[in-house]
Amino acid sequence: MPRHEFRPGRLIAGVVMLATAALFAGDAAGAWQTPWYRAIPLLCGGLSLAGLANWIAYGVRKRRRDASQASADSSGVPASTSGSQAIK
């Protein structure tokens, strides 16, 4: 049993942030030149992808939760209505 549920949106957002940080760390160390405007499409695209992944994962979790609650619901008609179990 996992300790917590998997959140793919958070994973993608974290990877994008680390990639942006590595891009600017290389620029700060003098390994390459990175213009500041390169971060905007990287961050916007990565966060959009993370939001999409989170939205899909939420739909999957909601569908599973609804299905498990529907199967555990015991408010339906009893299995036998022949009258022998009826309370008078």
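In Y58, the OH atom is not crowded: 12 or fewer heavy atoms of neighbouring residues, nucleotides or ligands sit closer than 6.0 Å. When the shell of 6.0 Å around CD of Q33 is examined, it contains 12 or fewer heavy atoms from other residues, nucleotides or ligands.
Residues I12 and A53 come closest through the heavy atom pair CD1-CB, 3.7 Å. Closest heavy-atom contact between A50 and A13: CB-N, 3.9 Å.
Under the 3.5 Å distance criterion, the side-chain polar atoms of W32 are matched with a main-chain donor or acceptor of L23.
By the 4.5 Å heavy-atom criterion applied to side chains, L47 and V16 are not counted as neighbours.
For the pairing with R38, the side chain to side chain contact (heavy atoms under 4.5 Å, CB included) check across T34, L42, I40 returns one residue only, T34.
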